[in-house]
Number of protein chains: 2
Amino acid sequence: MPKHPIRVVAKKTGLSAGLIRIWERRHGAVTPVRTETNRRLYTDEDIERLILLGRATQSGESISQIARLSKDELIKLLSAGGHIEPKESSADRVDLTIKSASEYLELCFKAVRDLDPGLIEATLLKASVGLTQRALFEQVLGPLMYSVGDLWREGDLKVVHEHLASAVVRTFLGNMSGGYAAHESAPRIIVTTPVGQLHEFGALMAGLTAASAGWKTIYLGPNIPAGDIASAVLHNNARVVALSLIYPADDPRMGNELEQLHTILGGKAQIIVGGRSAEGYRNVIDKIGALLVKDLSSLQFRLDSIRSVNAA
Amino acid sequence: MPKHPIRVVAKKTGLSAGLIRIWERRHGAVTPVRTETNRRLYTDEDIERLILLGRATQSGESISQIARLSKDELIKLLSAGGHIEPKESSADRVDLTIKSASEYLELCFKAVRDLDPGLIEATLLKASVGLTQRALFEQVLGPLMYSVGDLWREGDLKVVHEHLASAVVRTFLGNMSGGYAAHESAPRIIVTTPVGQLHEFGALMAGLTAASAGWKTIYLGPNIPAGDIASAVLHNNARVVALSLIYPADDPRMGNELEQLHTILGGKAQIIVGGRSAEGYRNVIDKIGALLVKDLSSLQFRLDSIRSVNAA
DNA sequence: TTAATATTTGACAAAACTTGAACAAATAAT
DNA sequence: ATTATTTGTTCAAGTTTTGTCAAATATTAA
């Protein structure tokens, strides 16, 4: 297995090289092997471990108490208290320092305002090592999309900003699900918006939610005809289709589209509908036996139960 | 099997000849055969290997540690790239052998047909380590987009396929330019399509071209109003705006949009127009002093000359 | 022959790494 | 309030690594 010099470890963990060394000397957090000339060489496990330790210390744990914990114990620790806001870092001049979720959010927001896609992505990449995935979704990506959408509607931001934010989040969603939905056996879900629904914010959020719930997420983008959605579902053996309806709330075509989708699918997949305007189409939704979810946590709940049923 | 002298290898790998020799002498990174007169002759595998080693060192790995790794190990090392997931990655099961550009193209195409975004991305990732960036753009991404677009127009593929292909390429463009346009001093270019132009294939290709020509590329997506384009240009101090016009070829709004863009910019940036339908708007293009390019290589030529002029 | 390209060796300087010590800021203990 | 302890950073001095260069020699092509 290839081993890495300390600069690579620093880059991937977001910790400074000095800190990594001092954690080793003072607490034996990791024990890298050495070359004949005394250089440290780290394994991939060492890096994972340091990332976990970094997150844990950010959420308030003291390094001396956790340095010797096993990987499993660290994961348990993090998933239990994932919501703790990190303490304010006094000196934040280096871009390598790990920041809190709200700081990342602010940086992303500024980058969107400045129309700098590269900066957004770099920020999100850093955030992804500094935060747990749940925190990244719920405290950074979600709020970012909501606030950009709101400001766009109020006229403070322009279409480009909304486009740009979706593009970046979409990119990130793609990256995530790539390295995440590991199992080939994972249940599949198609996420999209029907014809007439041009805004993909909701669909993207649904995609993020599904991915973090362990589904293999196939994101089709906005404004897709029922026939195309259906063929995607059948082609992929997807168990669920998630549709996001944001605006308009009274599109006369929607009834047709949904019924058509239901007909072609013939019960082979569960249709789940959500979004701000979903309520407006309740009649059709009930008629075709689709599920209506009112927010992302009920989506997650539905997905979990569908998954456990089919797994049995 | 064809063998290559060192100057060819240097050109293809982007490494200096001296560096290639020193990697051989100090670490046995490659062991080219010699002619009777002691000249080195490299195989294609040697070249691939050197490209991989170059990328790995670029990302921080130390040459002394990785010089002896096998090709597969190098690829795995590079694929680990951005995120490190605690879970076992499905990349272990992926075929790691390096293929030719046309094989990658075929795999991508099949993945698009099967609506499998994850597979497309995995394939492109492998292609990106197995091929030079130029080959990836010109022999895989470009042809993929063109053929998907054509088949869509002929009715063999559906909208989803086109959406999916653009989404993946867009994602990939984002990734590329992130790790690519390193220089803060690099000239900036805005790439987009005006209102009414819904297809982003051309714009994506233009973005890829600009990125590989060393420009910091800011991609806004399709269907953007002139006012928004202009504010993006001014906000970013961009030197060039590239617009792609594919379909329709006779939108009556286009005249207004282009003139408006020209007026707001006031000569602060060069407007370049391209795409299948650009010719149809020649009148306006000439009127506002924009450049019309007929293909991607002329775009590249224009960008090169603009860059060298402003650099002086 | 002349100019361009390669090869080998040794040398060199910049960048990176290691260790030890000192320091300031924040926390905990008295 | 004062005193320890913890924690992360910074500095200095001494190695090691790494890419580049120059010099001397050899080969190739025009």
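Just so it is clear, the model here is predicted, and its values are computed rather than measured. Just so we're on the same page: letters track the sequence lines, and every chain starts at 1.
For the pair Arg239(B) (side chain) and Ile189(B) (backbone), a donor-acceptor distance under 3.5 Å is absent. A donor-acceptor pair is defined here as one N or O able to donate and one able to accept, closer than 3.5 Å; such a pair exists between the side chain of Glu73(B) and the backbone of Ser70(B). Side-chain N or O atoms of Arg49(A) include one that pairs as donor or acceptor with a backbone N or O of Ala67(A) at under 3.5 Å. At least one donor-acceptor pair under 3.5 Å links the side chain of Arg55(A) to the backbone N or O of Val129(A). Between the side chain of Arg170(A) and the backbone N or O of Leu204(A), no donor-acceptor pair lies under 3.5 Å.
Within the 4.0 angstrom heavy-atom criterion, no nucleotide atom of any strand lies near Thr57(B). Ser62(B) comes within 4.0 angstrom of the backbone, heavy atoms only, and of no base.
As a whole-Å value, the separation of Asn38(A) CG from dG14(D) C1' is 12 Å. In this entry the distance linking CG of Leu15(B) with P of dT18(D) reads 14 Å, nearest Å. Atom NZ in Lys3(A) sits roughly 19 Å away from atom C1' in dT17(D) (whole-Å rounding). Distance CG (Leu19(B)) to C1' (dA6(C)): 16 Å, rounded to an integer number of Å. Arg34(B) has its CZ atom 13 Å from the P atom of dT27(D), to the nearest Å. In this structure, CD of Glu36(B) is placed 11 Å from P of dT27(D), rounded to the nearest angstrom. Atom OH in Tyr42(B) sits roughly 14 Å away from atom C1' in dT5(C) (whole-Å rounding). As a whole-Å value, the separation of Leu53(B) CG from dG19(D) P is 11 Å.
For the pair Gln65(A) and Arg39(A), both in contact range of DNA chain D, the more 5′-proximal nearest nucleotide belongs to Gln65(A).
Pairing each heavy atom of Leu52(A) with each of Ile75(A), the nearest pair is CD1-CG1, 4.0 Å. Of all non-hydrogen atoms in Ile66(B) and Ala56(B), the two that sit nearest each other are CD1-CB, 3.5 Å. Nearest approach of Leu164(A) to Tyr219(B), heavy atoms of both residues: CD1-O, 4.0 Å. The shortest non-hydrogen separation linking Pro32(B) to Tyr42(B) is CG-CE2, 3.6 Å.
Checking the phosphate oxygens (OP1, OP2) of dT19(C), a side-chain nitrogen or oxygen of Arg40(A) falls inside 4.0 Å. Using a 4.0 Å cut-off, no side-chain N or O of Arg7(B) falls inside it from OP1 or OP2 of dT7(C). Listed pair Ser16(A) / dG8(D) fails the phosphate criterion, with no side-chain N or O lying under 4.0 Å from OP1 or OP2. Considering only side-chain N and O atoms, Thr37(A) lies under 4.0 angstrom from the phosphate OP1 or OP2 of dT17(D). Phosphate contact (OP1/OP2 of dT18(D), side-chain N/O of Ser64(B), threshold under 4.0 Å): present.
For the contact set between residues 20-33 of chain A and DNA chain C, defined by any heavy atom under 4.0 Å, the members are Arg21(A), Arg25(A).
Side chains of His235(B) and Asp116(A): a donor-acceptor N/O pair is absent below 3.5 angstrom, by distance only.
Where the helix from dT1(C)-dA30(D) to dT30(C)-dA1(D) starts and where it ends, the local axes point in directions that differ by 30°; five pairs per end, rounded to 10°.
The listed nucleotides are dT7(C), dT18(C), dT18(D); the one nearest the side chain of Ile6(B) is dT7(C).
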